[in-house]
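First comes the structure, then the notes that go with it.
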Amino acid sequence: MSFSKEDILRIAKDENVRFIRLQFTDLLGTIKNVEIPVSQLEKALDNKMMFDGSSIEGYVRIEESDMYLYPDLSTWVIFPWVTDSRVARLICDVYMPDGTPFAGDPRGILKRCLLEAEEMGFTAMNVGPEPEFFLFRTDEKGNPTTELNDQGGYFDLAPMDLGENCRREIVLTLEEMGFEVEASHHEVASGQHEIDFKYADAIKAADQIQTFKLVVKTVARQHGLHATFMPKPLFGMNGSGMHAHQSLFKGNENMFYDESDTLGLSKTARYYMAGILKHARAFAAITNPTVNSYKRLVPGYEAPCYVAWSASNRSPMIRIPASRGLSTRVEVRNPDPAANPYLALAVMLKAGLDGIKRQLDLPAPIDRNIYVMSEEERIEEGIPSLPSDLKEALNEMIRSHVITEALGEHALAHFYELKEIEWDIYRTQVHEWERDQYMTLY
């Protein structure tokens, strides 16, 4: 919806809103907020609300800490789960004191990449995300356990799917907040769930992913459960992905559709896919940003490990859903829900635009099950693998001019530094598996 400053002030008064959360996202994808009383709302709407950027991961040094939050008025919503002192939310862009956008703001980074698409004649990038999550039981102190709340499987229902009531309340809450929910179901693994909501333009889609995570965790907590978007919480079970359906439009025309093509795909769509495949290994550090992400990207659990595409086969990284016309789109299947959605969409768009600019050749589709192919067969077919761990992904990222340009110097330097620290801590930690394997053997 579109709101004016006057609309928001009136609604806040009429609905007895007492507090407003000015939300933004740090470099690692964590939602942050400055909560203000309603008496300060007009000041916030005039872009005069300051905060300390030096306390936020990947932002600025202490000697340059003052930053400003510019609310996006279209993101105004009242949280439905607070009934006494009502609380509303505005998602903000981050600006410097001189009035320029902060170069390290993830939302701003996505806007920069969208501006490049606009300069190429595209008016919108539409995105339909599919973030999956697990529900675990909590202990008597409310801390998460590793005990799943159900033993259901794909599309199961109660009594097998004991998360059904929680999932239903999540859907109702999302709808109260303006989401158009298309489907809700149990996923493959026990305790794993998926809720799909309607596609939107890239900025709104990324905003919705962040709101979705907040709602899922909040409602799960009310049911005595812990919701996690960790990519691979349990060994031997499917991990959680965040497939990203995407297409480019010029006005009302889907530039990915061509009815004269045997697959209904335009040259633009093919160039875009070629760009995604070309830069997949380089943007994996952004779309799969944790040590744990690479525990999901292994054969045998329906997660894509190989850089290839198909019109139907689900083992490659890119799939083309059956819908055509305005619904023609490419489904990029490797991202996971630990990714910062603004950065993930930015690097995928940048990769696709590079394919269009350079008119890159799209490899032949792979319509066989890649999981059962030998390494020799994959080499013969020219099918690369995604990085096997975070360190490999980081090395690929910093070598890519396209992906480093998408992030910009500030975000690149801080993201790389944070992830190098994460990798080093993981690398030097002694894990339970090592003790189980070696303690008695040596």
Side-chain angles (χ1 to χ4, degrees), residues 28-30 129-136 144 146 148 152-154 185-196 209 212-213 216-217 226-245 276-277 280-310 313-319 331-341 343-345 347-348 369-372 378 383-397 419 422-423 425-427 429 431-433:
L28 298 182
T30 304
E130 296 179 348
E132 297 167 343
F133 59 95
F134 277 84
L135 292 174
F136 288 92
T146 55
L148 294 165
Y154 200 53
H185 62 87
H186 199 289
E187 258 296 336
V188 174
S190 298
Q192 188 184 32
H193 305 269
E194 180 178 317
I195 298 172
D196 300 329
I209 291 169
F212 176 80
K213 290 180 179 180
V216 168
K217 286 181 172 289
H226 175 76
T228 181
F229 292 91
M230 180 179 178
K232 185 85 168 185
L234 296 171
F235 172 72
M237 298 176 68
N238 284 38
S240 290
M242 187 175 69
H243 303 166
H245 297 248
I276 293 281
L277 295 175
R281 286 177 54 83
F283 66 58
I286 302 297
T287 55
N288 307 89
T290 70
V291 163
N292 181 254
S293 296
Y294 298 87
K295 306 293 178 73
R296 167 181 167 255
L297 298 178
V298 295
Y301 298 98
E302 298 189 4
C305 323
Y306 306 111
V307 183
W309 76 281
S310 173
N313 181 10
R314 291 175 185 264
S315 61
M317 190 185 115
I318 295 179
R319 185 179 76 92
E331 178 189 8
V332 184
R333 298 170 57 81
N334 69 295
D336 67 53
N340 182 323
L343 297 184
L345 295 182
V347 295
M348 287 188 284
N369 183 351
I370 305 177
Y371 297 134
V372 301
R378 292 197 303 273
I383 304 172
S385 298
L386 285 166
S388 59
D389 58 43
L390 180 60
K391 178 60 176 175
E392 185 182 349
L394 290 170
N395 289 340
E396 291 283 346
M397 178 184 72
K419 290 299 168 180
E422 179 181 333
W423 173 255
I425 292 171
Y426 171 74
R427 181 183 64 82
Q429 183 64 255
H431 300 274
E432 191 62 36
W433 181 89

Among residues at least two apart in sequence or on other chains, which ones pass side chain to side chain donor-acceptor pair (under 3.5 Å) with H243? E130, E331
Nearest heavy atoms of P316 and P304, plus distance in Å: O-CB, 3.7 Å
Could you tell me which residues satisfy ring-ring contact (aromatic ring centres under 6.0 Å, His included) with Y371, sequence neighbours excluded, listed by chain and number? none
Say whether, by atom type as modelled, one donor and one acceptor occur between the side chain of Y294 and the main chain of N288 under 3.5 angstrom. yes
Closest heavy-atom pair, A344 versus I286, reported as atoms and distance to 0.1 Å, is N-CG2, 3.7 Å
Between S293 and P231, is any pair of side-chain heavy atoms under 4.5 Å apart? yes
Starting at CZ of R319, measure out to NE2 of H245 and round the result to the nearest 0.5 Å. 6.5 Å
Got P131 and K213 here, is their nearest side-chain heavy-atom distance under 4.5 Å? no
Are L148 and L234 close enough that some pair of their side-chain heavy atoms sits under 4.5 Å apart? yes
May I ask you to decide if the ring planes of F212 and F229 are parallel, tilted or perpendicular, using 30° and 60° as cut-offs? perpendicular
Ignoring hydrogens, what is the shortest heavy-atom contact between E132 and P337? Give both atom names and the distance. O-CG, 3.5 Å
Measuring only between side-chain heavy atoms, which start at C-beta, is T228 closer than 4.5 Å to P144? no
So how far is it from N395 CG to L390 CG, rounded to the nearest 0.5 Å? 9.5 Å
Identified ring pair (Phe, Tyr, Trp, His ring centres under 6.0 Å) counterpart of F133 within the set H186, H226, H193: H193
Close side-chain approach of P289 and D336, heavy atoms under 4.5 Å: yes
Mind checking side chain to side chain donor-acceptor pair (under 3.5 Å) for K419 and listing every partner two or more places apart, or none if nothing turns up? E422
What pairs with R281 under salt bridge (Lys or Arg N to Asp or Glu O under 4.0 Å), at least two apart in sequence or on another chain? E392, E396
To the closest 0.5 Å, what do you measure between CG (L297) and CG (D389)? 11.0 Å
Taken in chain and number order and not counting sequence neighbours, the residues that satisfy side chain to side chain donor-acceptor pair (under 3.5 Å) with S240 are Q192
Check: V307 and L386 side chains under 4.5 Å, non-hydrogen atoms: yes
If the condition is salt bridge (Lys or Arg N to Asp or Glu O under 4.0 Å), which residues does K295 pass it with, not counting sequence neighbours? none
Side chain of R296, backbone of M230: donor and acceptor closer than 3.5 Å? no
Parallel, tilted or perpendicular, judged at 30° and 60°: which one describes the rings of F134 and F136? parallel
Heavy-atom pair with the smallest gap, counting every atom of F283 and I276: CE2-O, 3.6 Å
Gap between atom CD1 of I370 and atom OH of Y306 - 0.5 Å precision: 8.0 Å
